[in-house]
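Reviewing the structure listed below.
For the numbers below, each heavy atom of this structure counts, side chains included, while hydrogens, waters and symmetry mates do not.
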Amino acid sequence: MTLPALPPIAPSPATEPTPALAAPSIPITIEVEPGMSTNQMLLTGAGFVVVLAICFFLQRFYANYLVRERKLAPRSANFSGMLMFGSLICVLMLAFIGTMAGAFFRLPFILPLAGAALALGVGSLMPLFKR
């Protein structure tokens with residue numbers, strides 16, 4: 001049994017072939033402050049992420065110091081270290097808001113963040129003054 005030959009298929013001259021999994025094109029616009037470019041914003045954000053990682057390691061070193069030198073229970077030392085981490089995050093957010101946001105957006109955030117940073121910082125230092 002033999003199959004009949006199929007006629008050749010000619011491509012349509014008006015359209016170009018498109019891949020089946022082509023991603024749709026979506027225009028994205030990012031509005032920035034007049035004096036700051038997108039690259040500066042990305043570098044600033046990356047710098048804050050690096051500082052955040054450093055703060056995390058400082059929290060671990062602080063907790064280990066409290067356990068080793070001050071003979072504090074590990075649970076209390078970790079809690080105190082997390083309070084210090086929270087305080088450093090609040091300070092980092094204050095710095096980020098101060099450098100990136102416009103003056104209108106800064107006002108509602110400065111006082112609560114500064115108060116939280118102060119309260120968390122004092123709470124993290126309390127084990128140093130016990131005894």
Contacts table for residues 90-97: side-chain donor-acceptor under 3.5 angstrom, sequence neighbours left out:
none

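Partners of Phe56 according to the ring pair (Phe, Tyr, Trp, His ring centres under 6.0 Å) rule, which considers only residues two or more places apart in sequence or in another chain, are Phe85. In terms of the side chain to side chain contact (heavy atoms under 4.5 Å, CB included) criterion, residue partners of Leu128 (sequence neighbours excluded) are, by chain and number, Tyr62, Tyr65, Leu66, Arg70, Leu125.
Hydrophobic cluster membership of Phe61, counting Ile, Leu, Val, Met, Phe, Trp and Tyr whose side-chain heavy atoms lie under 4.5 Å apart directly or via other members: Phe57. Its side chain within the 4.5 Å cluster rule, Leu83 clusters with Phe79, Leu120 among the Ile, Leu, Val, Met, Phe, Trp and Tyr residues. Under the 4.5 angstrom side-chain criterion for Ile, Leu, Val, Met, Phe, Trp and Tyr, Leu43 has no cluster partners at all.
Between Asn78 and Arg60, the closest heavy-atom pair is OD1-NH1, 3.8 Å. Arg68 and Lys71 get closest at one heavy-atom pair: O-NZ, 3.0 Å.
Under the 4.5 Å side-chain contact rule for hydrophobic residues, Leu52 and Leu113 share a cluster. Hydrophobic clustering of Ile, Leu, Val, Met, Phe, Trp and Tyr side chains at less than 4.5 Å, counting indirect connections, unites Ile54 with Leu88.
With hydrogens and angles ignored, the 3.5 Å screen pairs no side-chain donor or acceptor of Ser124 with any backbone N or O of Ser80.
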